[in-house]
*Asks:* 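To start, I am sharing the structure in question, which I have written as structure tokens.
Naming convention: chains lettered A, B, ... in sequence-line order (proteins, then strands); numbering from 1 in each chain.
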Protein chains: 2
Amino acid sequence: MYSNELVRGTLKTIILQLLGEQNQMYGYELSKLVKERTQEKIVLTEGALYPILHKLEKDKLVVTNLEKVGNRTRKYYALTSNGKTSAKEKKNELLEFMETLKMLMEPKPIMLCNY
Amino acid sequence: MYSNELVRGTLKTIILQLLGEQNQMYGYELSKLVKERTQEKIVLTEGALYPILHKLEKDKLVVTNLEKVGNRTRKYYALTSNGKTSAKEKKNELLEFMETLKMLMEPKPIMLCNY
DNA sequence: TTTTTATACCTAATTTGCTTATACATAAGA
DNA sequence: TCTTATGTATAAGCAAATTAGGTATAAAAA
């Protein structure tokens with residue numbers, strides 16, 4: 001389990017990215033998927049998850065539809081057109097940020113053995 | 001410039017790592033180095049920098065010594081033994097976290113073309 | 001059959017790590 | 001002379017998370 005400070009700030013990007021992979025997903029499914037793929041090294045708690053999803057909906061980056069499974073209701077989330085754009089932008093920003101961090105922490109000389 | 005949420009949580013690790021590279025550094029020097037190495041894509045503002053440095057000192061991960069340059073005083077920070085250990089741990093955590101993020105966002109199948 | 005675990009959603013109070021803004025002071029350059 | 005660079009410091013405020021609680025159904029274990 002990574003420290004909270006580290007994970008904080010990446011959750012919205014993660015959610016947008018995962019929603020971009022599938023047609024639609026529901027909250028519980030998202031949290032399970034993150035847990036599984038990261039071997040519980042990243043955990044999307046409900047307290048973080050649902051407020052983010054609601055914010056995304058409010059910002060029109062996702063749309064929802066309710067589906068009944070037996071007697072329980074699932075709330076599926078799907079990216080809008082804006083959401084897809086935002087997902088790509090956020091992902092790129094994160095990947096670039098990681099590159100920048102590596103550059104900062106492990107600076108390599110530009111020229112190697114140039115003599 | 002990356003969004004604040006993204007940078008948040010990585011600053012302490014960055015500072016510890018940079019202090020590990022040199023014998024000692026002072027605050028202003030740290031902020032300049034980060035700006036320069038990242039082409040201003042990551043900026044260590046004073047409001048973030050100094051509280052972190054003070055916390056590190058309080059936690060005995062760094063020790064300070066004042067040096068006079070002309071009429072101005074520089075406060076140099078150097079890692080303690082614990083600080084060196086912590087720096088390595090934090091760096092590893094960050095690197096692992098980045099790997100986990102990539103795995104999460106771009107999951108590759110384990111076996112490729114195995115037929 | 002009762003209890004626990006898994007599924008499924010939600011929110012309020014609090015914490016935290018930053019930003020923003022401000023302060024003080026010296027040195028150098030325009 | 002005014003601005004920019006150097007150098008340290010802190011206080012108020014914010015936003016994204018944590019922590020901790022709530023509601024409810026379904027399945028599995030005791």
*Asks:* Take atom CD of A/Glu5 and atom C1' of D/dA16, then tell me their distance rounded to the nearest Å.
*Replies:*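 Those two atoms, CD and C1', are 13 Å apart.
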*Asks:* Rounded to whole angstrom units, what separation is found between the CD1 atom of A/Ile42 and the P atom of D/dA16?
*Replies:*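 Rounding to the nearest Å, CD1 of A/Ile42 and P of D/dA16 are 18 Å apart.
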*Asks:* Can you give each donor-acceptor pair under 3.5 Å made by side-chain atoms of residues 56-65 of chain B, sequence neighbours left out, with the distance rounded to 0.1 Å?
*Replies:*
{"from": "B/Glu57", "atom 1": "OE2", "to": "B/Thr64", "atom 2": "OG1", "distance (Å)": "3.1"}
{"from": "B/Asp59", "atom 1": "OD2", "to": "B/Lys55", "atom 2": "NZ", "distance (Å)": "3.0"}
{"from": "B/Asn65", "atom 1": "ND2", "to": "B/Glu67", "atom 2": "OE2", "distance (Å)": "3.4"}

*Asks:* Sort and list the pairs that fulfil salt bridge (Lys or Arg N to Asp or Glu O under 4.0 Å) and have at least one residue in residues 22-34 of chain A, not counting sequence neighbours.
*Replies:*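 Every pair satisfying salt bridge (Lys or Arg N to Asp or Glu O under 4.0 Å) with a residue in residues 22-34 of chain A: there are none.
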*Asks:* What is the distance from CG of B/Asn4 to C1' of D/dC14, rounded to the nearest Å?
*Replies:*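 Atom CG in B/Asn4 sits about 11 Å away from atom C1' in D/dC14.
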*Asks:* Applying side-chain contact (heavy atoms from CB on, under 4.5 Å), can you list everything that pairs with B/Thr13, at least two apart in sequence or on another chain?
*Replies:*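 A/Met105, B/Lys90, B/Leu94.
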*Asks:* Among Ile, Leu, Val, Met, Phe, Trp and Tyr joined by side-chain contacts under 4.5 Å, find the other residues sharing a cluster with B/Tyr26 and list them by chain and number.
*Replies:*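 So far as hydrophobic clustering goes, B/Tyr26 is joined with B/Tyr28, B/Tyr76.
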*Asks:* Using atom CG of B/Leu6 as one end and atom P of D/dA15 as the other, report the distance to the nearest whole Å.
*Replies:*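 B/Leu6 atom CG is separated from D/dA15 atom P by 17 Å.
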*Asks:* Going 5' to 3' through nucleotides 5-10 of chain D, assign each nucleotide B (protein heavy atom under 4.0 Å from a base atom), S (under 4.0 Å only from sugar-phosphate atoms) or - (no protein heavy atom that close).
*Replies:* BBSBBB
*Asks:* Have a look at B/Leu49 and say if it touches a base, only the backbone sugar-phosphate, or nothing, with a 4.0 Å heavy-atom cut-off.
*Replies:*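 The answer is nothing, as B/Leu49 stays clear of every strand by at least 4.0 Å.
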*Asks:* Strictly by salt bridge (Lys or Arg N to Asp or Glu O under 4.0 Å), give each pair with a member in residues 37-51 of chain A just once, sequence neighbours left out.
*Replies:*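 For residues 37-51 of chain A: A/Glu21-A/Arg37.
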*Asks:* Return the CG to CG distance between A/Leu11 and A/Leu16, rounded to the nearest 0.5 Å.
*Replies:*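 The distance works out to 11.0 Å.
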*Asks:* Partners of A/Lys75 by salt bridge (Lys or Arg N to Asp or Glu O under 4.0 Å), sequence neighbours excluded?
*Replies:*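 Residues passing salt bridge (Lys or Arg N to Asp or Glu O under 4.0 Å) with A/Lys75: none at all.
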*Asks:* Of all nucleotides in DNA chain C with an atom under 4.0 Å from a non-hydrogen atom of chain B, which is the first and which the last going 5' to 3'?
*Replies:*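 Nucleotide range with atoms under 4.0 Å of chain B: C/dT16 to C/dA27.
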*Asks:* Considering residues at least two apart in sequence or located in another chain, which fulfil the salt bridge (Lys or Arg N to Asp or Glu O under 4.0 Å) criterion with B/Lys91?
*Replies:*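 Here the qualifying residues are A/Glu106.
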